[in-house]
Colleague: 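After the structure tokens below, expect a handful of questions from me.
We name chains A, B, ... by the order of the sequence lines, and we start the count at 1 in each one.
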Amino acid sequence: MKIAFTTSGDGPDAPLDSRFGRAPKFLVYDLDGDAWQMLDNAQNLGAAQGAGIQAAETVVRAGARAVVTGHCGPKAFRVLAAAGVTVYNSAAPTVATALADFRAGRLAPARGADVEGHWA
Amino acid sequence: MTRELVVISGKGGTGKTSVAASLAVLAGNAVVADCDVDAADLHLVLAPVVRRRHEFRAGRQAVVRPAACRGCGLCLAHCRFGAVLPPAAGAPAPAYAVDPLACEGCGVCARTCPTGAIDLPERVCGEWMVSDTRCGPLVHARLAAAAENSGKLVSIVRGEARRIAAASGRPLVIVDGPPGIGCPVIASVTGASQLLVVTEPTVSGEHDLARVLSLARHFGVPAAVCVNKWDLNPDLSERIEADARARGVALAGRVRYDREVTRAQIAARAVVETGAPAGEDIRRLWAVLASAAAAPDQSFQKDEV
Amino acid sequence: MNLAIASGKGGTGKTTLAVNLARVIGGPVQLLDCDVEAPNAHLFLGGPARERRVIGIPVPEVDPHRCDGCGECGRFCAWHAIVSFGTTPLVFPELCHGCGGCALVCPRGAIRETERRIGEVEIRQVDHITLVTGRLDVGVAAAPPLVAAVKAARREDVPAILDAPPGTSCPVVATLRGADAVLLVAEPTPFGLHDLELAVATVREMGLALGVVVNRMGSGDDRVQRWCAGEGLPVLLEIPDDLRVAQAYSRGELMVDAVPAYRPLLTGLLARIADLTRATGTVRAR
């Protein structure tokens, strides 16, 4: 199973980004292979609106079944839910800590968006 | 956590930019963002030295290759935006064309064209810049004449200002917003810490203020109101303030009508950098805004939406 | 006549000029308030709306029984307003521009269009003035379709004055398209001149006949007139900076009613506008 983490850095020790749609990058971690890959979300940073939708499309296409991020807005949540991707909110400082929390079952699935839609 | 104070007005010309420039001077170490991207004026006061320039590309635009056009007119039939121009009567090789000012870049014409004669290149809609000023970094932009996607450009300018603030440890971003309540305004206000709505005591100012405050409530952003040139019509100023209070919106202060404000603009100074009497009012306004920021639990607008 | 009144900068006096010109024009006139984000002309003319139309744009609605989840709609949409992952698509109407592309590309005819409300158009009759006001709903981003709806209410056989929104971007372009001439109202200040330059670039880009009105003469300096002279732009009228006018405006009164001495200034302006459109010929149709 693959999990997408929002981040501004380039590996597991990088900070977990609190934003979903406007996170600079995604780290997609494959629990089965214990391997990870980086996905760029830069083209989304300047979107006036719909950034969450495009980001959701990106992680769904990458095959992620879960997203771990700080906050998730309503449009992105709708798209992720429709694609069967579970969202987990986390305030962990780094991707690695968030991953450890996930493995240990310390993260609960979000039941909805936890922030308002943003344009910027 | 960086705070973001956004100055807007609804009605244009109420003094947003004059107030924003003074707040930038009083703040001293804020990052300033000029989000009135189709009529940006803040740089005329803050005298920026441009450090970086970036092309602003946004959306696509349909272009017909005349040699490949058979003149069937399917593009014209399907365009919802009136952007397809029919061939001039009597033209030797009749080809359709696209009016770039009306084209939304949806791609319907290119999709329907049986000969594939329509391309959809990206379009350059202006540029955005990062500059140094005497009161800190300024992120500003210039939308190309008659261009669109101003909301997207606003999002870029705001995002860059926030990034610079976070990276340089500056606690505040001051945004000079556009007039109105549409696309670029929505892009300027969503997710902001606080709005300062600068209005004037005129029936237009009052009417447009009500729309802006509804917008603030719609997007859940706390707002405070400042009546500029209040002594132009003291009774109406009272009424505007009473209405704002009734909506649960805080009053940040009044600024007097002062011809020195224009003289400051001509001298390329912020009002508070001159001896203009209105500068005293803006200093008081800033003190109110700063104290509200310092005590967020007693902050503006306990909005029970 | 189809005269648009615009300005780059807000608050320069567009609406003042528009409503006062309409008042002195002598004979039936239509005043189209195209500043749909902040419409104000009705505040100066009063009177009840005699007609109100709800304006919407077409947005997709997917029939889940016909849709096979192929995702073609989502791949086509330039605004990510419709999204599909092998299931019935999700629609985000607030992002939709109403191009109709999704319905067009759907191979199973599973998408039909319904109206999404974006605002309303009000029509008033005040003496000889027919005022058409567009009012964008709060929270709606896209003003141009509503501007188009305001203009669609125009009768071709009656002269029209269009009050544009401030700025130079899409709602302004939507207002100016098809105008016979554009009056740009400017303040004699640095902000005023800078925004006038941007507005002139936009009007020139559109290939429209153009004249300038300088408002609040005396509040700043002569930089606007000097620039206009250098650019060969006619300054058709200078309106003095007059506290009586500002106070009348603040109360919602017309300038020509509060200070009747301004009436001949505006009738003179009407004559010069007529000269302007004659001199430049009929404007290139777009």
Colleague: Over all heavy atoms of both residues, which pair between C:Val83 and A:Glu57 is shortest? Give the atoms and the distance, please.
Modeller: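 The pair with the smallest heavy-atom distance is CG1-CG, 3.9 Å.
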Colleague: Can you pull the side-chain hydrogen bond (donor to acceptor under 3.5 Å, both in side chains) pairs that have at least one residue in residues 133-143 of chain C, sequence neighbours excluded?
Modeller: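 Qualifying pairs: C:His42-C:Arg135, C:Arg117-C:Asp137, C:Glu122-C:Arg135.
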Colleague: Just verifying a value: how many Å separate C:Glu94 CD and A:Lys75 NZ, rounded to the nearest 0.5 Å?
Modeller: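 So the CD of C:Glu94 and the NZ of A:Lys75 are separated by 4.5 Å.
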Colleague: For C:Asn40, what residues pass the side-chain hydrogen bond (donor to acceptor under 3.5 Å, both in side chains) criterion, not counting sequence neighbours?
Modeller: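 For C:Asn40, the residues satisfying side-chain hydrogen bond (donor to acceptor under 3.5 Å, both in side chains) (neighbours in sequence not counted) are B:His207, B:Asp208.
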Colleague: What is the distance from atom CG of C:Leu90 to atom CD1 of A:Ile53, rounded to the nearest 0.5 Å?
Modeller: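 Taking CG in C:Leu90 and CD1 in A:Ile53, the distance rounds to 8.5 Å.
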Colleague: Is the number of heavy atoms from other residues, nucleotides or ligands within 6.0 Å of CZ (C:Arg75) greater than 12?
Modeller: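 Yes, enclosed.
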Colleague: Considering only heavy atoms, give the residues of residues 1-12 of chain A separated from chain C by less than 4.5 Å, sorted numerically, with 'none' for an empty result.
Modeller: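 Not one residue of residues 1-12 of chain A has a heavy atom under 4.5 Å from chain C.
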Colleague: Which residue pairs pass the salt bridge (charged side-chain N to carboxylate O under 4.0 Å, His left out) test with at least one member in residues 80-101 of chain A, sequence neighbours excluded?
Modeller: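 Residue pairs with at least one partner in residues 80-101 of chain A: A:Asp101-A:Arg106.
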